[in-house]
Asker: 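Got a structure here, written out as structure tokens. Questions coming.
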Amino acid sequence: MSTITLPACATAFDDPTEIPVEDATQSMPTAKVRPRTAVDPDDPDLGASTAEYAVIVLAAAAFGGVMAAVLSSDSVSGMLLGIIQKALAV
């Protein structure tokens with residue numbers, strides 16, 4: 001049995017400077033690899049997530065355009081300016 005010599009430390013072995021290599025490697029877990037599944041080209045949900053993300057991006061862009069138009073209007077700008085001036089006057 002081969003050993004690894006380490007600096008002195010408290011371990012459960014008789015000689016605290018020697019740890020058996022076989023004991024150290026046997027406790028290491030092994031990873032199981034799952035085989036890759038084939039993609040079915042006839043799957044109706046194949047591009048669903050991409051299409052859903054595209055719809056969300058378009059909706060967010062439209063919402064941003066509406067918000068920009070609303071916030072740049074004279075009435076909303078005047079209202080926001082009034083709120084800011086009132087807050088700074090306190």
Side-chain angles (χ1 to χ4, degrees):
M1 177 187 321
S2 60
T3 59
I4 299 173
T5 304
L6 300 173
C9 61
T11 63
F13 298 103
D14 294 335
D15 185 2
T17 60
E18 295 183 1
I19 299 174
V21 174
E22 289 78 12
D23 291 343
T25 57
Q26 287 177 359
S27 65
M28 296 175 66
T30 57
K32 294 183 180 181
V33 179
R34 291 187 345 202
R36 187 177 183 143
T37 57
V39 176
D40 183 15
D42 296 329
D43 186 11
D45 295 330
L46 190 58
S49 62
T50 304
E52 290 164 0
Y53 286 127
V55 169
I56 290 171
V57 167
L58 287 174
F63 182 73
V66 169
M67 289 301 296
V70 167
L71 291 175
S72 64
S73 68
D74 290 335
S75 62
V76 174
S77 294
M79 184 176 56
L80 290 175
L81 185 61
I83 292 171
I84 292 171
Q85 286 176 346
K86 184 190 258 185
L88 292 176
V90 171

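Owing to the predicted nature of the structure, the values given are computational and were not obtained by experimental measurement.
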Asker: Which ILVMFWY residues are connected to Leu58, directly or by a chain of links, through side-chain heavy atoms under 4.5 Å apart?
Answerer: none
Asker: Show which residues join Leu88 in its hydrophobic cluster (side-chain heavy-atom contacts under 4.5 Å, direct or indirect), or state none.
Answerer: Ile84
Asker: Checking Val76 now: which residues fulfil side-chain contact (heavy atoms from CB on, under 4.5 Å) with it, not counting sequence neighbours?
Answerer: Val70, Leu71, Ser73, Leu80
Asker: Rest of the hydrophobic cluster containing Met79 (Ile/Leu/Val/Met/Phe/Trp/Tyr, side-chain heavy atoms under 4.5 Å)?
Answerer: Ile83
